[in-house]
Number of protein chains: 2
Amino acid sequence: MSTMQEVAKKAGVSKATVSRVLSGKGYVSEATRKQVFAAIEAAGYRPNLLARNLATSTSQCIGMVVTNTLYSGSYFSEILSQAAKKVEESGRQLILVDGKHSAQQEREAIEFLLDLRCDAIILYPRFLTIDDMDDIIEQTRQPIMVVNRRLRKHPSHAVFCDHKGSAFNAAMALIERGHQKIAFITGSLDSPTAQERLAGYKEALRQAAIAIEPQRIVEGKWTPACGAKAVAALLANNVAFSALIASNDDMAVGALKQLTQAGLRVPNDVSLLGFDDIPVAPFLLPALSSVKDPVTGMIHEVINRLISMLDGGDMTPQQAFISELVLRESVADAAS
Amino acid sequence: MSTMQEVAKKAGVSKATVSRVLSGKGYVSEATRKQVFAAIEAAGYRPNLLARNLATSTSQCIGMVVTNTLYSGSYFSEILSQAAKKVEESGRQLILVDGKHSAQQEREAIEFLLDLRCDAIILYPRFLTIDDMDDIIEQTRQPIMVVNRRLRKHPSHAVFCDHKGSAFNAAMALIERGHQKIAFITGSLDSPTAQERLAGYKEALRQAAIAIEPQRIVEGKWTPACGAKAVAALLANNVAFSALIASNDDMAVGALKQLTQAGLRVPNDVSLLGFDDIPVAPFLLPALSSVKDPVTGMIHEVINRLISMLDGGDMTPQQAFISELVLRESVADAAS
DNA sequence: TTGTATGCGTTATCAG
DNA sequence: CTGATAACGCATACAA
């Protein structure tokens, strides 16, 4: 790899001049500018970003930490895709790093990004606790935004969906259509998201004065296979249900598959929510779909805040206030 | 952020000694080692990876370029997940950057990684042509491996699945079960993968002396929505078919949904291939599932080669030969 | 408008 | 065993 020094020699100027040409900062005559570009071309020169970042102590990168156990399904893809697009718009690069499978490793991933001198960090946590994250935010210079959690000390550093509310709305919608026996497939119960969605379902039943039957609640692990197994279990145990809520799209797909396989006809009139832009399944309610728009909203908000912190120093007080509201509304819209 | 210099001062030693302690290289007395660790702790010191990488001219990172238009569906997640795990095993970090939406931008993403002095690059291309990639490989010092393409000049730098063969096998399996009217939902026809799968389907019909009906072939754009639309179109046009092949899982899901919605009973005995580990759909054949194992195989092979190039210099000639064979076989297995 | 000198935080090569 | 000191490649304040 040729260096700036070599380009300078070829062009008959100094390193500083080459640097000026490249950065566009400072005055350079048109003549030497051309010479320099020619030399760059001839040498096949590419700047060393490590050196540049070291010198400027900014990497123009935004790091993102996600556990690889979450690298599956359309939910993650959506998050990553939205994040990449927004970061791209801001002229920066998104770097994704694996949070692996423990709180300790999630912490290490964050430290790795800090060691790389990333300008900011997006944390989509799986193992770290609220308190852990509050501490980390406190101890870190770089802006950190947390997705999908509610922080205690630094609420403005987090954006989240109202999972409980959306599950509540979903269950309510079914109840209003006359369903009384509503089965529920939850995600892994060690996940806060799963717990909140389950709570929303229970709350809806409670408000409608419908007894909560433990048999109607089956735990899955977010995958299509688990959705299918859950339905199989319900059927095998002769659990009666006229409607079903799955806690995410992937399990909904598996459940749908198992239902049709079992020869169950699915009524057409109960198509409530969408999977991508199509109604997924009569009779089947992928709760996650109801937060699909909010997901993109969350990510956009996260990155907007990060960037305003990077560019304009601190977050505006207003910003912290408004976004939660917006997200809540969009959840409500999607579910209604 | 405190620097090594500050730690050195705190510990009453020189930078060099601190560096030795951290790297474990060179001789340091146990006493000073302890002092240094204490100072590190006290200062809350973290090494600056930019500086380290600049000095060693190695980043311990492997870069990966993927267009964000491919950041969707379980296929991408699977690739990323496998890649992250393998790279992690090798003690390196995987950095994902966006190839955006043109050949030019894919090229720029590669250059960005080179500028970061990544040790190696994984390219999962969408827009670059074979010739482009052959050129880039030629002009670049760092090892580059291409996923899912067949290169001309540097075949050992690419690993691919036999898409045509797997689609052929899928169609053949249906034909052997007595189906004559097999509909086919292709992916975007500007994608080589889609073209190859379509070719496999056609080849199978040809060998079975079944006429190819253009009406039975519908183009989608890889999403569930498109799968649903495709089925709706087939039904609306009264196209007769007793079996259906979708070119990927996502479209298969949409198709399944539309079929059940239309009240079509799906026979139980034609469950051929799996979606994750469950049979997806009677009567529905998600071709992509048939290459799910090969996908993980591809990625593993890609990273193995990269690492052996990094550690052991060049690839073994043997390696280039064997892997293609392995992949072909696993495709055949999955489809049989 | 351009060149010189210094700093960014490490690693590595020398002497001591 | 340890400490100066020179790279690493670039940016930038300061001179010229």
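Note on naming: letters A, B, ... go to the chains in the order of the sequence lines (proteins, then strands), and numbering restarts at 1 for each one.
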Asks: Kindly write out the residues that satisfy side-chain hydrogen bond (donor to acceptor under 3.5 Å, both in side chains) with A:Ser102, not counting sequence neighbours, or none if the list is empty.
Replies: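 A:Ser102: side-chain hydrogen bond (donor to acceptor under 3.5 Å, both in side chains) contacts with A:Gln105.
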Asks: Enumerate the salt bridge (charged side-chain N to carboxylate O under 4.0 Å, His left out) contacts for residues 120-132 of chain B, please, sequence neighbours excluded, ordered by first and then second residue.
Replies: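 For residues 120-132 of chain B, and leaving out neighbouring residues, the salt bridge (charged side-chain N to carboxylate O under 4.0 Å, His left out) pairs sorted by first residue read B:Arg107-B:Asp132, B:Arg126-B:Asp190, B:Asp131-B:Arg152.
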Asks: Test of understanding: with side chain to side chain contact (heavy atoms under 4.5 Å, CB included), list the residues that count as partners of A:Ala84, not counting sequence neighbours.
Replies: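 Side chain to side chain contact (heavy atoms under 4.5 Å, CB included) check on A:Ala84 returns A:Leu94, B:Tyr71, B:Asp98.
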Asks: Grab the CD-C1' distance between B:Gln5 and D:dG3 for me, whole Å please.
Replies: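 The distance from CD of B:Gln5 to C1' of D:dG3 comes to 12 Å, rounded to the nearest Å.
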Asks: Check the distance between C:dT11's C1' and B:Asn48's CG and give it to me in whole angstrom.
Replies: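 Distance check: B:Asn48 CG to C:dT11 C1' gives 13 Å.
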Asks: Specify the angle, to 10°, made by the local axes at the two ends of the helix from C:dT1-D:dA16 to C:dG16-D:dC1 when five pairs are taken at each end.
Replies: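 Answer for the end axes of this duplex: 40°.
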Asks: More than 12 heavy atoms of other residues, nucleotides or ligands under 6.0 Å from NZ of A:Lys25: yes or no?
Replies: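 No.
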Asks: Kindly write out the residues that satisfy salt bridge (charged side-chain N to carboxylate O under 4.0 Å, His left out) with B:Arg92, not counting sequence neighbours, or none if the list is empty.
Replies: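 Per chain and number, B:Arg92 pairs via salt bridge (charged side-chain N to carboxylate O under 4.0 Å, His left out) with B:Asp311.
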Asks: In whole Å, I'd like the distance from the CG atom of A:Asn53 to the P atom of D:dA11.
Replies: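 In whole Å, D:dA11 P and A:Asn53 CG are 9 Å from each other.
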Asks: Listing request: all salt bridge (charged side-chain N to carboxylate O under 4.0 Å, His left out) pairs with a residue in residues 46-65 of chain B, at least two apart in sequence or in separate chains.
Replies: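 Found A:Glu111-B:Arg46, A:Asp115-B:Arg46.
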Asks: How would you list, by chain and number, every residue that makes a side chain to side chain contact (heavy atoms under 4.5 Å, CB included) with B:Lys85, sequence neighbours excluded?
Replies: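 Scan of B:Lys85 (side chain to side chain contact (heavy atoms under 4.5 Å, CB included), adjacent residues dropped) gives A:Asn68, B:Ser81.
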Asks: Pairs under 3.5 angstrom only: tabulate donor-acceptor contacts from the side chains of residues 33-43 of chain A to other protein residues two or more places apart or in another chain.
Replies:
none

Asks: Can you tell me which residue pairs pass the side chain to side chain donor-acceptor pair (under 3.5 Å) test with a partner in residues 57-67 of chain B, sequence neighbours excluded?
Replies: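 Found B:Thr58-B:Asp119, B:Thr67-B:Glu106.
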Asks: If I take atom CD in residue A:Glu6 and atom P in nucleotide D:dG9, what distance separates them, rounded to the nearest angstrom?
Replies: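 In whole Å, D:dG9 P lies 9 Å from A:Glu6 CD.
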Asks: Just how far, in rounded Å, is P of D:dG9 from CG of B:Leu54?
Replies: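 After rounding, the gap between these two atoms is 7 Å.
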Asks: Listed in order of residue number, which residues of residues 36-45 of chain B have a non-hydrogen atom at under 4.0 Å from DNA chain D?
Replies: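 Those residues: none at all.
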Asks: Partners of A:Asn53 by side-chain hydrogen bond (donor to acceptor under 3.5 Å, both in side chains), sequence neighbours excluded?
Replies: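 Once residues adjacent in sequence are excluded, A:Asn53 has no partner under the side-chain hydrogen bond (donor to acceptor under 3.5 Å, both in side chains) criterion.
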Asks: Indicate for each nucleotide in nucleotides 1-7 of chain C, in 5' to 3' sequence, whether protein heavy atoms under 4.0 Å reach the base (B), only the sugar-phosphate (S), or nothing (-).
Replies: BBBB--B
Asks: Choose from C:dG9, D:dC10, D:dA11 the nucleotide whose nearest atom is closest to any side-chain atom of A:Ser19.
Replies: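 Given the options C:dG9, D:dC10, D:dA11, the side chain of A:Ser19 is closest to D:dA11.
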Asks: With side-chain contact (heavy atoms from CB on, under 4.5 Å) as the test, pick out the partner of B:Arg149 among B:Leu128, B:Ile130, B:Val159, B:Leu123.
Replies: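 The single option meeting the side-chain contact (heavy atoms from CB on, under 4.5 Å) with B:Arg149 is B:Ile130.
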Asks: Please tell me which of the listed nucleotides, C:dC8, D:dC8, D:dA11, lies nearest to the side chain of A:Thr56?
Replies: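 In terms of side-chain proximity for A:Thr56, the closest of C:dC8, D:dC8, D:dA11 is D:dA11.
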Asks: How many whole angstroms separate atom CG of A:Leu50 from atom P of D:dC8?
Replies: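 These atoms are roughly 14 Å apart.
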Asks: A:Arg46 CZ to D:dC10 P: how many Å, rounded?
Replies: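 So the CZ-P distance, A:Arg46 to D:dC10, works out to 11 Å.
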Asks: Grab the CG-C1' distance between A:Leu49 and D:dA11 for me, whole Å please.
Replies: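 So the two atoms are 14 Å apart, to the nearest Å.
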